[in-house]
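Below: one structure, written as structure tokens.
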Amino acid sequence: MRATVLAALAIAAVVPLVTAGLGGGEFYLGFATRIVIFAIAATSLNLILGYGGLVSLGHAAFFGLAAYGVGILAAHGVDTAAIQWPVALAACAVFAAVTGLVVLRTSGIYFIMITLAFAQMLYFLFVSLRQYGGDDGLTIATRSRLGPIDLGEPVVLYYLSVLCLVGSLWFCHRLVASRFGMVIRGARTNTRRMAALGFPVFRYQLVAFVLAGVMCGVAGILQANLTQFVSPSYMAWARSGELIVMVVLGGMGTLFGPVLGAAALLILEEVLADWTVHWMLYLGPIIVLIVLFAKRGLIGLFDRRSPPPAGGHHG
Amino acid sequence: MLELLVSQALNGIQLGVLLFLMAAGLTLVLGIMNVVNLAHGSLYMVGAYLAAQMTAVTGSFLLALPMAVLATLVLGLVLEVATLRTLYQRDHLDQVLLTFGLILFFNEVVRVIWGPTALFVPVPEALDQELEFLDGEIIYPAYRLAIIAVGLAVAAFLFWLIARTRVGMLIRAGAANRDMVAALGVDIVRLNTLVFGLGAGLAGLAGVMAAPILAVESGMGDGILILTFVVIVIGGIGSIRGALVAAVLIGVVDTMGRSLLPMILRELVDRQLASAIGPAVASMLIYILMAVVLTLRPQGLFPARTG
Amino acid sequence: MLRLSGVEAAYGSSNVLFGMELEVGAGEVATLLGRNGMGKTTTIRTIMGLVKARAGSIQFEGRELVGLAVHRVAQCGLGLVPEGRQIFPNLTVRENLIATAANRFGTANPWTYERVVGLFPRLAERATNMGNQLSGGEQQMLAIGRALMTNPKLLILDEATEGLAPIIREEIWACLSGLKALGQAILVIDKNIDALTRIADRHHIIEKGRLVWSGNSTGLVADPQLLSRYLGV
Amino acid sequence: QQQLKVGFVATFSGPGGALGRDLYDGFMLGIEQSGGRLGGLTTEVIREDDQLRPDVGLQVTQKLLQRDRVDIITGVVFSNIMMAIYQPIIESQTFVISANAGPSEIAGARCSPFFFSTSWQNDQPHEAMGAHLQRRGVGAAYIMAPNYQAGRDALTGFKRQFKGRILDEVYTTVNQPDYSAELTALRAARPPATYVFYPGGMGVNFVRQYAQAGLTRRVPLYSAFTVDATTVDAQGEAALGTFGTAFWTYDLATGTNELFVRSFLQKHNRMPSTYAAQAYDSARLLHAALTVSNLGNKDALRDALRKADFPSVRGPFRFNNNHFPIQNFYLYETVRDAQGRFVQANRGVVLENHRDAYASQCAMRW
Amino acid sequence: MAEPLLEVRSLRKRFGGLTATDDVSLRLHEGELLAIIGPNGAGKTTLIAQLQGELRPDSGAILLSGAEITHLSPPERAHRGVARSFQITSIFPDFTALENVAMAVQAHAGHSFRFFRPAASEPELVEPAAAALARVGLAQRAAVPAQALAHGEKRQLELAMALAAKPKVMLLDEPMAGMGRLESERMVALLDSLKRDVSILLIEHDMDAVFALADRIAVLVYGRIIATGSADQIRRDPAVREAYLGEGHG
Ligand SMILES: Nc1ncnc2c1ncn2[C@@H]1O[C@H](COP(=O)(O)OP(=O)(O)OP(=O)(O)O)[C@@H](O)[C@H]1O
Ligand SMILES: Nc1ncnc2c1ncn2[C@@H]1O[C@H](COP(=O)(O)OP(=O)(O)OP(=O)(O)O)[C@@H](O)[C@H]1O
Ligand SMILES: [Mg+2]
Ligand SMILES: [Mg+2]
């Protein structure tokens, strides 16, 4: 475990050096940053989906909301990170808390669909916001100002993203083993028993939901800075679906699965699309094969020891 | 005004019935077999493409209809045997992932075979006319009435099948406990394949029926898939009755919302604002409806009584 | 009628059955005894094909069951009342009974809905309730009735009296005796050794997935050592 | 430098894919006309799919700029993609020739010396239709579009020229498949004319349902980007008798156009669309400019592009100060031609040498 | 007489046309083991579910140490010392046996909004959990995932979880079901030893266990209590014999 972590860190650290060596390194660095950002988003989803059994099909809403937080403030001339980022994250927290009050009353497929409903409402709201570009999106003139750190420098943005990812992973790692994490995981398999034992499960799930939303917001902030652009398509349901795909593809309920899933999906898309216009013709069956043969997601191919994820849905 | 309301109600019902055809298949497969099949929308799309192809070949939509439905049903069987069968015991999310892969594949396959532009399916000649009611106050396309009729017939058939027949009982029992059904001597594997085929056939039927009024193009199943999920969730997963009620409810609410909401808003607020928020709220309406229903009844309107 | 020899089975990598042996003759009532966790249920599940046998053979009326699909095994004439009842929660009581009913061997006086509710009148009262609305004991009756309605050649009961009121339990023993009198073969797991010694012809005691003793009731009662050593009585 | 690298960004997958394909086929045909060498340079076209996702569009654009170091970027179907990739392209001082998207911001305040359009500013075709109805003396119209930026811009453009009464202005959900509710309301309003903007599959649905509701006969249907070569086969007879406006039709009798249409038909066995025509012109424009300048000197290249000294398929063509074309807009009617094909027949000029409404907001002067 | 620990006053619960609990009144005293017996479907589990809070009674009141708890949620009742074991085994299948019990300890240990410290390294969770496991005889199985336990072992685990919360009242729904003789006897001994520290409401069809353990027995038939008394009184009660015991238990 420790060795794997160190190796992964080492790889992440040298990416800029390697890409600098390639022709057009900036692109590859940008691409790597994108992977890292989506890995953060997928990790945040994994927190509630993989460990908590809460399958949200509206998770991209937080991604888009935070990105809009940055974009809208920037459009009004507020570009210091010290204001932008807390506001963006607070928006995510509030949205998560308010919707969480409703969605957490349901479970199973109902939960999937009601999270989708709220995300769609937000999506249509931003499509209609003409002041902020509506469906055309909003260009962000300058990246967030973060004291002496210049996010305009791709390498800096990359390392910042990696730092955020490491932070998210570490946070998750500690969280799932903690008392709080035990409650969340217990509630996944047997909510009724949790209540009988004396846990007000709803409250714990709500906190987890908010935490995951905020963590996804971090990814959104980084994405806004990477692309200097934000549009409602960031929170379309298909994006939420893609996050689920990343988590499940990599291995849900495992720490590194979502990271692997994000990297695999984005790289596959990139390579296949580079090669043929009909890339979906190949991506689709590849995903099917992975599901059929890598039972616990990609991570299962690497780590044969970790226990199989426990049975299906109970609810 | 009344004529307008009646026409709009017909529109809503027709949309609802089309949704029901989709939702019935999906609710069978999801609620009863406990399989999340995102490729349901793809089967709808394939049904529409096959209808287009076979209409072009045979020159008759009415001939193409059973052929396309049957072909989609067979495709469903093949899919079930080749991929989904191994996934019944696995997590829902594995099924989500797998069928997501299938969506990508099918969306691209139809583009490779039939090209990226939409295909044309003519309305069958006999139905290509408007019917007039109430001295021409209400004009309604005959074909859309035919859709309503087909949908209601299918609904009646399904009610009978699920609630009254042994096959229906076994299907429900299999949803709850596959092993036990098998241990009592029933070939659950074949049963599930048949149910999946039935669901696929229904999706295909929806696609075929929709082909003459909608653009037959790649990705046409994605939007309706989401709507279908909304329907079965509002109706209560696994409940055919819920699917029917919710489908019509969604159809009517969506239709009324689109046509009446902007009018009402315009009475209440100024025109500028109304035209800004009207369409936005209209597109959110079904999601708002779903959120309200699930807030009040977290298991949908007609919770299928599973354990 | 049923003969297991050298059967091995496992859950994942942990072996549970190690060369299990068992025999039930036609028209016989046989038991499977043993403490908790010794592999009784696993033996049953292996017979039914719900757990794959890794080695050995399971013969039923001369037919090899190993390798058959679960429903094929059942169709050979095995009727299961599983541990933990496993009734269908989303079917009504009546539907639970008739959904899988069958008379594959043309029994002259088959178990029907009427006969089963005659045996368990409580079920008739709850006929239109969903399975999951029944009390634990009612569910147990339902599970027995459901198995009977497949009109099996061999009825297998895994802890079928668990959670039943003593008076009902007595009725079930009486019912089993009655079935035996009709020539029904039965394999039963239960902790009521007193009752079992009354009606059973043959007993098997298992320990850690192995047969450690088998014989008739007289032999079992005659050897108190056996009971205390393997069954803790 | 002997080599020209062109990055071609467009939507190739998903429902918008047909447009990307037409752009690409048109552009490649344009290159073929100069023997595969634009301005005498060996030309390599690197095609990238933006998947109609701004972040993907941005990513592939960055790949083109940073890894492939392309000299020119062209293509771009949708405005939201253009908005996402515009800034990085301009910052890298790479020329971008939009073959389709023409958002108002880029035509106005955010115009750039590195941006050129061979299509039109988004509002223009709608303005043309507005002008046409105005001139015909149609007193009132019922207008509809999808509820997104381009849809709202379209109706704004229409209203800019049309001064009659707007009976209702209806915005529908993007990619809404069924319009029965809206059509019922439309019928109840008894308008003398309908104007809509429904591109792609939406147009197929709308036009067919309009006909099926028996409306085509009662209320004439005017539109832009709703009935064109990419949709008309799926619309079939429903499209007959509807009118549209565009800067080009297949039957324009310029010599270049006849050549273009003939070779396109021959090569692809289908009628070219306006998208193909625009992209073809992009290639021809590049060819002309590169013939008289070179890639090394960006100022010279810009001057050459500005001259637009090439035979456009549309006839007269020159650039406005914001690098959008000043061009004619034509009315077309969808008819069945001698071979039984559904085609857009030119019915005359509506606006002559038309300039877009935003050019005045563009600070660029030359 | 001292104030009862748990008091039930005229509890009533209907399911449609069926009255599952019909005007039931009960008192459970400190340190007492009250057994409730009755035919299948008499309403025993329904009664427990109302005491634990999963079901809301239609009318009547439930008092714990004199304070009304009728309208509290299950977690709130758990915090006041009401623990329940389920008739149909209800555990966390993918946690180990030890973790299952640790969950129960944690619930009792108060607030669980601790995000960082690994729960597995907190002695105040693990030690009581291990002790509870040992008490039910599952010490050797601590590290086994709960889903891999045999049926009888799951029942023991279920009890360990109820125990671990250090409750005042334990509501045990057929804890012996599915246990072999040996295990049953061990369980009887265990409950016997527990009796002094915690009051127990026991539902059980195993009459040997009931007669060995119960201080008092209440007999529930069709939702009504038809008899209450000592083991001997109940054993001899003809109504009880007819409705429940049959002739086997003389
Ligand atoms: N699903 C499973 N996965 C892994 N191990 C299992 C599983 N089910 C049972 N076991 C193990 O197999 C062994 C035998 O279990 P089995 O259920 O057959 O025992 P049993 O004799 O029926 O016990 P009981 O009297 O408690 O029902 C036990 O040690 C148990 O832990
Ligand atoms: N949710 C419900 N809806 C309708 N009826 C129910 C419901 N839950 C229980 N019942 C009925 O209420 C009655 C009492 O059930 P309960 O589970 O309390 O019985 P019990 O005394 O625990 O029986 P057993 O000893 O068999 O477990 C039964 O007839 C049962 O069918
Ligand atoms: Mg067992
Ligand atoms: Mg009970």
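Quick note: numbers below take in every heavy atom, side chains included, and nothing from hydrogens, waters or symmetry partners. Lettering of chains follows the sequences in order, A, B, ..., and the numbering in each one begins at 1.
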Open item on the list: Only pairs of heavy atoms separated by less than 4.5 Å count here; which of B:Leu30, B:Ile103, B:Thr99 has the most with chain A?
Closed with: B:Leu30

TODO: Answer whether the closest heavy-atom distance between the side chains of A:Leu116 and B:Ile226 falls below 4.5 Å.
DONE: yes

Task: Interface residue of largest heavy-atom contact number with chain A, from B:Val96, B:Asp222, B:Ile288, under 4.5 Å - done: B:Ile288

Task: Within-4.5 Å side-chain heavy-atom neighbours: B:His92 and A:Ile112 - done: no

Open item on the list: So for B:Thr86, is it side chain, backbone, both, or neither that comes closer than 4.5 Å to the heavy atoms of chain A?
Closed with: side chain

TODO: Could you have a look at B:Ser283, B:Ala280, B:Gly300 and say which one has the most heavy-atom pairs with chain A under 4.5 angstrom?
DONE: B:Ser283

Open item on the list: Check this for me: B:Arg266, atom CZ, are more than 12 non-hydrogen atoms of other residues, nucleotides or ligands nearer than 6.0 Å?
Closed with: yes

Task: B:Phe229, part contacting chain A, at a heavy-atom distance under 4.5 Å - done: both

- [ ] Output the option from A:Ile287, A:Leu281, A:Thr106 having the highest count of non-hydrogen pairs under 4.5 Å with chain B.
- [x] A:Leu281

Task: Interface moiety of A:Leu129 toward chain B, non-hydrogen atoms closer than 4.5 Å - done: neither

- [ ] Could you tell me which portion of A:Val127 (side chain, backbone, both or neither) has an atom closer than 4.5 angstrom to a non-hydrogen atom of chain B?
- [x] neither

TODO: To the nearest 0.5 angstrom, please state how far the OH atom of B:Tyr287 sits from the CG atom of A:Leu122.
DONE: 13.0 Å

Task: Residue pair A:Arg105 / B:Pro298: nearest heavy atoms and the distance that separates them - done: O-CB, 3.6 Å

- [ ] Any chance you could measure B:Asp94, atom CG, to A:Leu292, atom CG, to the nearest 0.5 Å?
- [x] 9.5 Å

- [ ] To the nearest 0.5 angstrom, please state how far the CG atom of A:Leu283 sits from the CG atom of B:Leu104.
- [x] 5.5 Å

Open item on the list: Using a 4.5 angstrom heavy-atom cutoff, name the option from B:Arg111, B:Arg297, B:Met290 with the most pairs to chain A.
Closed with: B:Met290

Open item on the list: Just so I understand: if I count every heavy-atom pair under 4.5 Å between each of A:Trp237, A:Tyr123, A:Phe111, A:Trp279 and chain B, which residue has the most?
Closed with: A:Trp237

Open item on the list: What part of A:Val103 gets within 4.5 angstrom of chain B, counting heavy atoms only: side chain, backbone, both, or neither?
Closed with: neither

Task: Validation row: B:Ile286, A:Gln120 side chains within 4.5 angstrom (heavy atoms) - done: no

TODO: Take A:Met113 and B:Ile234, measure what side-chain contact (heavy atoms from CB on, under 4.5 Å) needs, and give me the verdict at the end.
DONE: CA-CA 9 Å; A:Met113 293 313 292; B:Ile234 289 184; over 6 Å; no

Task: From A:Met252 atom CE to B:Leu93 atom CG, the distance as rounded to the nearest 0.5 Å - done: 4.5 Å

Open item on the list: Does A:Arg203, at its CZ atom, have more than 12 non-hydrogen atoms belonging to other residues, nucleotides or ligands within less than 6.0 Å?
Closed with: no

Task: Min side-chain heavy-atom separation B:Phe105-A:Val288 under 4.5 Å - done: no

Task: Donor-acceptor pair, side chain of A:Tyr110 and main chain of B:Ile237, under 3.5 angstrom - done: yes

Open item on the list: Measuring only between side-chain heavy atoms, which start at C-beta, is B:Arg90 closer than 4.5 Å to A:Val291?
Closed with: yes

Open item on the list: As a test of understanding, state which of A:Ile244, A:Val248, A:Val247 forms a side-chain contact (heavy atoms from CB on, under 4.5 Å) with B:Leu97.
Closed with: A:Val248

Task: Pairs of heavy atoms under 4.5 Å with chain B: top-ranked of A:Ala238, A:Gly241, A:Gly284 - done: A:Gly284

Open item on the list: Is B:Val36 close to chain A through its backbone or its side chain, or both, or neither, when contacts mean heavy atoms under 4.5 Å?
Closed with: side chain

Task: Part of B:Leu87 within contact of chain A (heavy atom distance under 4.5 Å) - done: side chain

